[in-house]
Number of protein chains: 2
Amino acid sequence: MDRKEVETSSSRGHQREKQREQLILAAESRIANSGVASLRARDLAGDIGVALGSIYNLVADLDELILIVGSRTLARLDAALGEAAAAHDASKRDGAIERLIAIAHRYRAFASEHRFLWRALFEFQLAEGREVPDWVSADLKHIFRNIVEPLGTLMPRAQPEQRALMAHTLFCAVHGVVSLGLQGKMVAVPAEIVDTEVERLLRLTCAGLLQEG
Amino acid sequence: MDRKEVETSSSRGHQREKQREQLILAAESRIANSGVASLRARDLAGDIGVALGSIYNLVADLDELILIVGSRTLARLDAALGEAAAAHDASKRDGAIERLIAIAHRYRAFASEHRFLWRALFEFQLAEGREVPDWVSADLKHIFRNIVEPLGTLMPRAQPEQRALMAHTLFCAVHGVVSLGLQGKMVAVPAEIVDTEVERLLRLTCAGLLQEG
DNA sequence: GCGGGCTATGAACGATGTTCAAAATAAGAC
DNA sequence: GTCTTATTTTGAACATCGTTCATAGCCCGC
């Protein structure tokens, strides 16, 4: 409790925190290169030059590590989409539509560039009983802001909840096209075709919205 | 090679085929109840009253078993969607739209009813290097027919490839809404809300299509 | 009944995530 | 500086997996 103890524990804690960050970076690198399914505790221990058991002094288990990497991926995705959104003025009709398309294209590009990290966001299944951490909802709400804003222009009479629901629908729809298209689960679709698909989908939907008045 | 040998091998083969079917049913039951991730070779051996090693006389490995169960799921999905499609006349504009919505609603219902079997279709990742079997593409093409047909009414001037691409886009979009909505990955959405979302999405898209002429 | 090919068996192997008793290390007291 | 104590690091051990394979048993035609 005295000064020396506080200093001590903070210095130790600092060392520990450095190792923890090394571990997170190693995990991120391995996931990015080989996919989340091939993440191995023994590999990570070797990566950061530590014994196998020490991994469990730095994180509770591998699931926590995957969640942390996921939060970093979500943050990068948020930054990328925000950048794409900023390029268009959502207060004008055409700008609003172009922003939605730009976000969708950036989403597709992000999925292509960070294939394994992006897939890890959705492939990872929480162990039974564990709950999605709070930061997931928080980060997603932030991402959705970029979609809700142009919808204000395109759905001027709608209530905020209606716009929020539409933002959710559009995000999920674009995600579906990107996900099934790139993953090649049914048929592998080239990236350019996926881009034309999401653009077509958004233009048609926006046309329908504007027609409603 | 003579008759008796043929009879023999066919009777033995018959027994083998019966065990194989038992194994497939056991796997399907376990996946349906607990998800594909908790499928265990030892459990299956116990289910059909056979030694652990015998599993590998009936199928190459568990991946093959999961693929077989997947093909059965796809067949059921095809039947369900076909039934929903048959309820509407795709040659009239309103009927075409209603058919698309009915198919989407049936898709959502199928996903709800056969949660784990449906998720197994998409969660399962082929082991590195192995290819998607042919029946996947074949079954999917068949499913898509129910979507392409009403698009003929809604996109009268379009080329067949354009209609096929739009069918792909719509399927993926609806899948995205259903998948992310029901799975509760971001926010768990009640089934009824998911239904309203896909219906809204399809009505807006169809309105956009009709507006194009 | 009997001999030869096929099949079923479950012990064994190699991975894997996770735990834990013991060793090593660091901190504090004098 | 040295000793005691608390903390951390270690890697062997454990429990589960999928998968393999030598062996034992069985069924068939003869």
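To find a chain, count down the sequence lines: A is the first, B the second, and so on, and within it residues start at 1. Note: hydrogens, waters and symmetry copies are ignored here, and every other heavy atom, side chains too, is used.
Ranking D:dT10, C:dA8, C:dT19 by closeness to the A:N57 side chain, first place goes to D:dT10. When distances run from any side-chain atom of B:Y56 to the nucleotides D:dT9, D:dG18, D:dA13, the shortest one goes to D:dG18. Proximity note for A:A51 (side chain, C-beta onward) versus C:dT19, C:dA8, D:dG11: the nearest is D:dG11. Set against C:dG17, D:dG11, D:dT19, the side chain of A:R42 has C:dG17 as its closest nucleotide.
Salt bridge annotation for B:R108-B:E113: absent, with no cationic side-chain nitrogen under 4.0 angstrom from a carboxylate oxygen. At a threshold of 4.0 Å, the pair A:R76-A:E28 counts as salt-bridged, since one of the basic side-chain nitrogens sits closer than that to a carboxylate oxygen. A salt bridge is absent between A:R72 and A:E21: the closest approach of a Lys/Arg side-chain nitrogen to an acidic carboxylate oxygen does not fall below 4.0 angstrom. With respect to A:R145 and A:E149, no salt bridge is recorded, no charged nitrogen being found less than 4.0 Å from a carboxylate O.
When the side-chain nitrogen and oxygen atoms of A:Q15 are compared with OP1 and OP2 of D:dT8, none of them lie within a distance under 4.0 Å. Regarding contacts with the backbone of D:dT9, a side-chain N or O of A:Q19 is found under 4.0 angstrom from either OP1 or OP2.
Nucleic acid contact for B:L62: sugar-phosphate only, since backbone atoms but no base atoms lie under 4.0 Å from a heavy atom of the residue. At a threshold of 4.0 angstrom between heavy atoms, the contacts of B:L39 are confined to the sugar-phosphate backbone, with no base atom among them.
Atoms CG (B:L58) and P (C:dT7) sit 11 Å apart, rounded to a whole Å. Rounding to whole angstrom units, CD1 of residue B:I55 and P of D:dT20 are separated by 13 Å. The separation between A:D43 atom CG and C:dA15 atom P is 12 Å, rounded to whole Å. B:R40 places its CZ atom 14 Å from the C1' atom of D:dT19, with the value rounded to the nearest Å. Atom pair B:R30:CZ and D:dG18:P shows a separation of 11 Å (rounding to whole Å applied). One interatomic measurement links the two molecules: CD of A:E64 to P of C:dG17, which rounds to 16 Å at whole-angstrom precision. Rounded to whole angstrom, the span from the CG atom of A:L44 across to the P atom of C:dT18 amounts to 11 Å. In this structure, A:L52 atom CG and D:dC14 atom C1' are separated by 13 Å, rounded to whole Å.
A centroid separation of 6.0 Å or more is found between the aromatic rings of A:H142 and A:W135.
Nearest-nucleotide positions on DNA chain D for A:S54 and B:S54 put A:S54 closer to the 5' end.
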